[in-house]
Q: 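Handing you this structure, nothing more for now.
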Amino acid sequence: MVPSQHPPRFPDMPAFEAGWVWLVGAGPGDPGLLTLLAHHALGQADVVVYDALVDDDILNLANPDAELIYAGKRGGKPSPKQPDISDRLVSLALAGNRVLRLKGGDPFVFGRGGEEALTLVAAGVPFRVVPGITAGVGGLAYAGIPATHRETNHSVAFITGHMAGGEVPDGIDWAALASGGQALVIYMALKHLEAIAGFLVEGGLAPSTPVAVVSRAATKHQWVLETVLGDAAGDVEASGIEAPAIVAVGEIVRMRAGLDWLGAIEGRTLDPDPLGQTSQRKTG
Ligand code: SAH
């Protein structure tokens with residue numbers, strides 16, 4: 001056995017060079033879910049351009065000399081337009097800064113990371129992408145919901161519940177999503193939940209299909225609402241649960257009865273057979 005080292009030796013990290021932009025995912029909230037590369041970048045950056053979804057506990061890990069620039073969007077308040085943010089990244093990099101663009105979750109999952117990176121490409125600014133744990137996977141895991149489970153689903157769809165302009169996306173084939181037997185993980189779903197649930201039921205999903213709404217997942221304020229498709233919009237309204245929230249639709253939600261590990265820490269008794277299938281389970 002190799003003796004363990006204390007402190008443990010981390011792998012060599014690439015140098016964060018002046019004039020570069022690192023497009024980094026911060027994960028869903030818990031600073032412990034940052035990657036080693038994200039942590040390294042926070043310590044090195046001259047400027048951190050961050051989103052509304054990035055937790056203060058994570059920003060506190062930035063080098064104290066780093067300039068922190070807020071570039072998020074908050075409902076109802078004026079917010080920087082996307083081209084402004086991308087242009088800002090370019091000018092900060094051209095001025096010789098090490099620019100950390102920090103985004104909630106993963107930068108390439110409903111995060112416009114691709115758009116920002118293409119602006120960098122057009123301007124000839126070198127960049128690196130550091131993936132993060134997306135809310136639709138890590139946030140659900142903090143609610144005890146697996147994205148896939150052999151007995152419930154063989155595929156999962158990541159869906160956006162609204163478009164840049166705020167309307168329900170019209171390019172989505174809700175009927176196809178409803179019919180595939182897949183788990184649905186919907187980002188930005190709260191505003192249009194009633195319409196979305198309606199499309200899914202029209203598309204063939206039973207109104208009794210399990211739904212979980214996970215608000216502020218993986219933060220100290222995590223709040224999980226369990227409901228069913230037919231009641232989801234009304235229950236969200238009545239409960240006052242707020243964005244950011246991720247919505248899971250499908251049998252995976254039932255796994256929470258067995259896998260709500262955070263709840264178990266607080267005394268919840270977990271059910272080792274959440275699907276009630278022990279007798280039917282295949283062996284091997
Ligand atoms: N790039 C991000 C997604 C940005 S879109 C990622 O990979 O996670 C913004 C949406 O992400 C929110 O409306 C919400 O649906 C979801 N989201 C992000 N962080 C979340 C969190 N901590 N808890 C619940 N939902 C979250």
Side-chain angles (χ1 to χ4, degrees), residues 22-35 38 49-59 70-77 79-80 82 85-86 100-117 129-145 147 156-169 172 183-193 195-197 211-227 232-233 236 239-249 252-253 256 260 262:
W22 283 26
L23 199 57
V24 176
D30 185 342
L33 297 180
L34 286 170
T35 60
V49 182
Y50 67 98
D51 265 3
L53 290 173
V54 177
D55 217 80
D56 283 349
D57 287 345
I58 288 174
L59 292 175
Y70 174 68
K73 292 173 218 24
R74 288 206 171 111
K77 303 205 182 118
S79 56
Q82 195 61 39
I85 298 171
S86 299
L100 169 51
R101 175 65 173 121
L102 193 60
K103 289 173 165 288
D106 182 279
F108 279 179
V109 179
F110 302 128
R112 301 191 184 202
E115 283 153 75
E116 292 179 15
V129 177
V130 179
I133 297 180
T134 189
V137 176
L140 290 187
Y142 266 49
I145 300 170
V156 53
F158 296 126
I159 305 157
T160 174
H162 79 182
M163 303 215 295
E167 59 276 30
V168 191
I172 294 181
L184 308 180
V185 175
I186 314 175
Y187 293 68
M188 298 170 277
L190 286 195
K191 191 164 165 211
H192 299 304
L193 194 53
I196 291 168
V211 170
V213 180
V214 186
S215 169
R216 304 171 86 179
T219 73
K220 296 185 272 287
H221 311 287
Q222 174 169 310
W223 178 5
V224 185
L225 172 74
E226 279 184 67
T227 176
V236 162
S239 68
I241 197 167
E242 284 181 347
I246 202 90
V247 174
V249 180
I252 51 168
V253 170
R256 182 169 148 77
D260 178 19
L262 258 179

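Order of appearance sets the numbers: ligands from 1, and atoms from 1 within every ligand. Keep in mind that what you see is a predicted model, and the values were worked out from it rather than measured.
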Q: Please name the pair of heavy atoms, one in Val247 and one in Val211, separated by the smallest distance, quoted to 0.1 Å.
A: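 Here Val247 and Val211 meet closest at CG1-CG1, 3.9 Å.
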Q: At a 4.0 Å threshold, what atoms of ligand 1 neighbour a non-hydrogen atom of Ile246?
A: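 Here the atoms of ligand 1 in question are 24 (C), 25 (N).
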Q: Is Tyr187 reaching over with its side chain to a backbone N or O of Gly136, donor-acceptor style, under 3.5 angstrom?
A: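 Yes, because the side chain of Tyr187 sits within donor-acceptor range (under 3.5 Å) of the backbone of Gly136.
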Q: How close does the nearest protein non-hydrogen atom get to atom 2 (C) of ligand 1, and which residue and atom is it?
A: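 The answer is Gly104 O, 3.2 Å.
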Q: For Pro28, counting its heavy atoms only, list the atoms of ligand 1 lying under 4.0 Å from any of them.
A: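 Result: 21 (C), 22 (N).
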Q: Write out the residue and atom name of the closest protein heavy atom to atom 16 (C) of ligand 1, then the distance separating them to 0.1 Å.
A: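 In this structure, atom 16 (C) of ligand 1 has Tyr187 CD2, 3.8 Å as its nearest protein heavy atom.
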Q: List ligand 1 atoms under 4.0 Å from Val214, heavy atoms only on the residue side.
A: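 Close to Val214: 24 (C).
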Q: Do any N/O atoms on Met188 end up under 3.5 angstrom from N/O atoms on ligand 1?
A: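 Yes, since at least one N or O of Met188 sits under 3.5 Å from an N or O of ligand 1.
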Q: Distance under 4.0 Å to a non-hydrogen atom of Arg216: what atoms of ligand 1 satisfy this?
A: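 Here the atoms of ligand 1 in question are 22 (N), 23 (N), 24 (C).
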Q: Could you tell me the residue and atom name of the protein heavy atom closest to atom 15 (O) of ligand 1, and the distance to it rounded to 0.1 Å?
A: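 Of every protein heavy atom, Ala245 O, 2.6 Å lies nearest to atom 15 (O) of ligand 1.
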Q: Nearest protein heavy-atom contact for atom 4 (C) of ligand 1: which residue, which atom, what distance?
A: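 Among all protein heavy atoms, the one nearest atom 4 (C) of ligand 1 is Phe110 O, 3.3 Å.
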Q: Taking the side chain as everything from C-beta on, heavy atoms only, tell me whether Ile85 gets closer than 4.5 Å to Arg112.
A: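 A side-chain contact under 4.5 Å is absent here.
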Q: Test your reading of the model: is there a side-chain donor-acceptor pair from Asp51 to the backbone of Leu53, 3.5 Å cut-off?
A: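 A pair under 3.5 Å: no.
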Q: Does any N or O of ligand 1 fall below 3.5 Å from an N or O anywhere on Ala189, backbone included?
A: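 Between Ala189 and ligand 1, no N or O pair is found under 3.5 Å apart.
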Q: For atom 9 (C) of ligand 1, which protein heavy atom lies nearest, and how many Å away is it?
A: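 Atom 9 (C) of ligand 1 sits closest to the protein heavy atom Leu53 CD1, 3.6 Å.
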Q: Take Val24 and Leu34 through the side chain to side chain contact (heavy atoms under 4.5 Å, CB included) test and state the conclusion after the steps.
A: CA-CA 10 Å; Val24 176; Leu34 286 170; 5.9 Å; no
Q: Can you name the atoms of ligand 1, numbered from 1 with element, that are less than 4.0 Å from a heavy atom of Val109?
A: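 Atoms satisfying the 4.0 Å criterion: 1 (N), 2 (C), 3 (C), 6 (C), 7 (O).
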Q: When you look at CD of Glu115, are more than 12 heavy atoms from neighbouring residues, nucleotides or ligands closer to it than 6.0 Å?
A: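 Atom CD in Glu115 is crowded, with more than 12 foreign heavy atoms closer than 6.0 Å.
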Q: Give the atom numbers and elements of ligand 1 that come within less than 4.0 Å of a heavy atom of Thr134.
A: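 The list of qualifying atoms is 6 (C), 7 (O), 8 (O).
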Q: Are side-chain heavy atoms of Tyr142 and Leu262 found at a separation under 4.5 Å?
A: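 Yes - at least one pair of side-chain heavy atoms lies under 4.5 Å apart.
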Q: Do any N or O atoms from the side chain of Arg216 and from the backbone of Trp223 form a donor-acceptor pair under 3.5 angstrom?
A: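 Here the side-chain-to-backbone pair does not exist.
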Q: Could you identify the single nearest non-hydrogen protein atom to atom 20 (C) of ligand 1 and state the distance to 0.1 Å?
A: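 Nearest neighbour among protein heavy atoms for atom 20 (C) of ligand 1, to 0.1 Å: Ala135 CB, 3.6 Å.
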Q: If I compare all heavy atoms of Glu242 with all of Leu190, which pair ends up nearest, and what's the gap?
A: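 Taking Glu242 first and Leu190 second, the nearest heavy atoms are C-CD1, 3.6 Å.
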Q: Just to confirm my output: which protein heavy-atom neighbour is closest to atom 21 (C) of ligand 1, and how far is it?
A: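 For atom 21 (C) of ligand 1, the nearest protein heavy atom comes out as Ala217 N, 3.5 Å.
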Q: When you compare the side chain of Phe110 with that of Thr134, does any pair of heavy atoms fall below 4.5 Å?
A: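 Thr134 does not reach Phe110 side chain to side chain.
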